[in-house]
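What follows is one structure encoded as structure tokens, with my remarks underneath.
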Protein chains: 2
Amino acid sequence: MADDDLLRRRAVLPIGTVMNLTTLTARQIRYFEEQGLVKPLRNAGNHRMYSLNDVDSLIGIVNERRSGMSLADIKRVRQHQRQQTSDAAARRALRDELFNQRFGQSGSSPYGQNFH
Amino acid sequence: MADDDLLRRRAVLPIGTVMNLTTLTARQIRYFEEQGLVKPLRNAGNHRMYSLNDVDSLIGIVNERRSGMSLADIKRVRQHQRQQTSDAAARRALRDELFNQRFGQSGSSPYGQNFH
DNA sequence: TCAATATGTTAGATTATCTGACATCCGCAA
DNA sequence: TTGCGGATGTCAGATAATCTAACATATTGA
């Protein structure tokens with residue numbers, strides 16, 4: 001989790017590039033956005049800009065659909081995953097807060113990095 | 001050297017994305033092409049398409065210039081490198097050919113992979 | 001200083017993307 | 001069968017991105 005991750009999160013790819021990399025049509029990609037499965041940013045000219053992580057996610061969707069899942073199924077699974085990871089983040093935040101109450105603001109949590 | 005490399009060689013990035021990732025202007029990127037420092041492909045609409053390797057190369061140029069090198073210097077160095085690597089490729093090809101003459105077409109070279 | 005290098009800027013043309021709407025196709029339940 | 005919801009195609013009109021070619025303007029090195 002470092003420089004590479006930052007790069008993968010950077011929204012720099014226009015939809016044409018994403019079409020190339022995912023085999024999806026622009027229509028499909030926009031529809032998936034409508035369904036909340038990707039959330040591209042917009043550049044100054046209002047064009048959607050995607051990250052490499054978005055591309056990975058879309059390729060994942062393509063594969064899941066190949067194996068028979070409907071968009072609704074995929075949506076449900078992903079919301080579940082997001083919920084779980086945000087639960088985990090909430091637990092970590094609570095743990096760190098309790099730690100800081102006991103030991104002051106001097107340092108970081110004893111569990112290593114505060115964010116994973 | 002596998003899937004990842006193929007991905008890095010794929011020309012999928014329009015010049016706007018390359019501008020973002022390299023801090024170069026479109027004018028500069030096209031000028032570097034004029035000087036033979038990058039060779040983007042063209043899509044069906046005649047727009048230049050760059051690979052991640054191209055982006056790396058351009059970032060390298062930016063850094064080399066920051067450290068005082070002129071474009072001519074950089075060009076010279078890169079041609080040298082290309083020459084060396086193609087020499088190496090030629091040596092490997094010759095080696096493999098000689099090996100096949102002696103041992104037939106059955107298998108690959110005893111040096112491991114035929115291409116590095 | 002002069003010539004070569006490197007970059008900016010502009011105009012006009014073409015391609016890419018945007019939104020919104022309507023059409024189509026398909027699987028499934030009533 | 002009929003009809004509905006999900007998924008995708010397609011179109012028109014508008015705006016943004018990119019292209020080429022040319023000229024202008026620094027910047028640099030002998």
Side-chain angles (χ1 to χ4, degrees), chain A residues 10-55 57-80, chain B residues 10-55 57-80:
Chain A
R10 266 178 86 177
V12 292
L13 308 176
I15 201 167
T17 297
V18 177
M19 293 171 61
N20 268 325
L21 295 174
T22 61
T23 74
L24 293 167
T25 66
R27 184 68 170 87
Q28 287 176 304
I29 297 168
R30 295 194 193 107
Y31 182 68
F32 293 170
E33 175 183 357
E34 213 172 297
Q35 300 304 311
L37 289 167
V38 279
K39 300 191 182 305
L41 302 182
R42 300 292 183 117
N43 70 1
N46 197 37
H47 285 195
R48 291 171 178 81
M49 300 302 275
Y50 300 84
S51 69
L52 285 173
N53 281 336
D54 289 331
V55 172
S57 178
L58 288 170
I59 290 178
I61 293 176
V62 169
N63 290 331
E64 287 163 337
R65 299 199 78 200
R66 268 203 242 283
S67 65
M69 286 177 73
S70 74
L71 262 201
D73 295 334
I74 297 172
K75 221 191 303 183
R76 225 174 303 115
V77 170
R78 307 238 155 170
Q79 281 178 344
H80 221 257
Chain B
R10 268 179 85 176
V12 292
L13 308 176
I15 201 167
T17 297
V18 178
M19 293 171 62
N20 267 326
L21 295 174
T22 61
T23 73
L24 293 166
T25 66
R27 184 68 169 89
Q28 288 176 302
I29 297 170
R30 295 193 194 107
Y31 181 68
F32 293 171
E33 176 182 358
E34 213 172 297
Q35 300 304 311
L37 289 167
V38 280
K39 300 190 183 307
L41 302 182
R42 300 293 184 115
N43 70 2
N46 197 38
H47 286 195
R48 292 171 178 81
M49 299 303 274
Y50 300 84
S51 68
L52 285 173
N53 280 337
D54 289 332
V55 172
S57 178
L58 288 169
I59 291 177
I61 293 176
V62 169
N63 290 332
E64 287 162 337
R65 300 198 77 201
R66 268 203 243 281
S67 65
M69 287 176 72
S70 73
L71 262 201
D73 294 333
I74 296 172
K75 222 190 304 184
R76 225 174 301 115
V77 169
R78 307 237 157 172
Q79 281 178 343
H80 220 257

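The basis for the numbers below is simple: all heavy atoms, side chains too, and nothing from hydrogens, waters or symmetry mates. Letters go in sequence order (proteins before strands), and every chain restarts at 1.
Atom CD1 of I61(B) is separated from atom C1' of dA6(C) by 13 Å (rounded to the nearest Å).
Among pairs with a residue in residues 43-55 of chain A, those fulfilling salt bridge (charged side-chain N to carboxylate O under 4.0 Å, His left out) read E33(A)-R48(A), at least two apart in sequence or across chains. The side chain to side chain donor-acceptor pair (under 3.5 Å) contacts involving residues 68-77 of chain B comprise Q35(B)-K75(B), S70(B)-D73(B), D73(B)-R76(B), where partners must be two or more places apart or lie in separate chains.
E64(B) pairs by the side chain to side chain donor-acceptor pair (under 3.5 Å) definition with R78(B), not counting sequence neighbours. By the salt bridge (charged side-chain N to carboxylate O under 4.0 Å, His left out) test, R65(B) is found to be paired with no residue, residues two or more places apart in sequence or in another chain being considered. Remark: L52(B) pairs with R8(B), L13(B) by the side chain to side chain contact (heavy atoms under 4.5 Å, CB included) rule, at least two apart or across chains. T22(B) meets the side chain to side chain donor-acceptor pair (under 3.5 Å) test with no other residue; sequence neighbours excluded. For R42(A), the side chain to side chain donor-acceptor pair (under 3.5 Å) partners are N46(A), not counting sequence neighbours.
A pairwise comparison of heavy atoms in M49(A) and V12(A) identifies CE-O, 3.3 Å as the closest pair.
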Sugar-phosphate means primed atoms, P, OP1 and OP2; the rest is base. With that split, encode nucleotides 23-30 of chain C 5' to 3' as B, S or - using protein heavy atoms under 4.0 Å.
-> --------
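Once rounded to the nearest 0.5 Å, the distance linking CG of L71(B) with CD1 of I61(B) reads 7.0 Å. With values rounded to the nearest 0.5 angstrom, R10(A) atom CZ is found 10.0 Å from T17(B) atom OG1.
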Can I15(A) and R30(A) be said to form a side chain to side chain contact (heavy atoms under 4.5 Å, CB included), step by step?
-> CA-CA 9 Å; I15(A) 201 167; R30(A) 295 194 193 107; 4.0 Å; yes
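Each of Q28(A) and I15(B) has a nearest nucleotide on DNA chain D; the 5'-most of these lies closest to Q28(A).
Taking 4.0 Å as the cutoff to heavy atoms of chain A, we find the contact window on DNA chain D bounded by dG6(D) to dA17(D).
Note on the helix from dT1(C)-dA30(D) to dA30(C)-dT1(D): angle between the axes of the first and last five pairs equals 30°, rounded to 10 degrees.
Using a 4.0 Å cutoff on non-hydrogen atoms, the parts of residues 29-43 of chain B near DNA chain C are Y31(B), F32(B), N43(B), ordered by number. Listed by residue number, there are no residues of residues 65-74 of chain B with a heavy-atom contact under 4.0 Å to DNA chain D.
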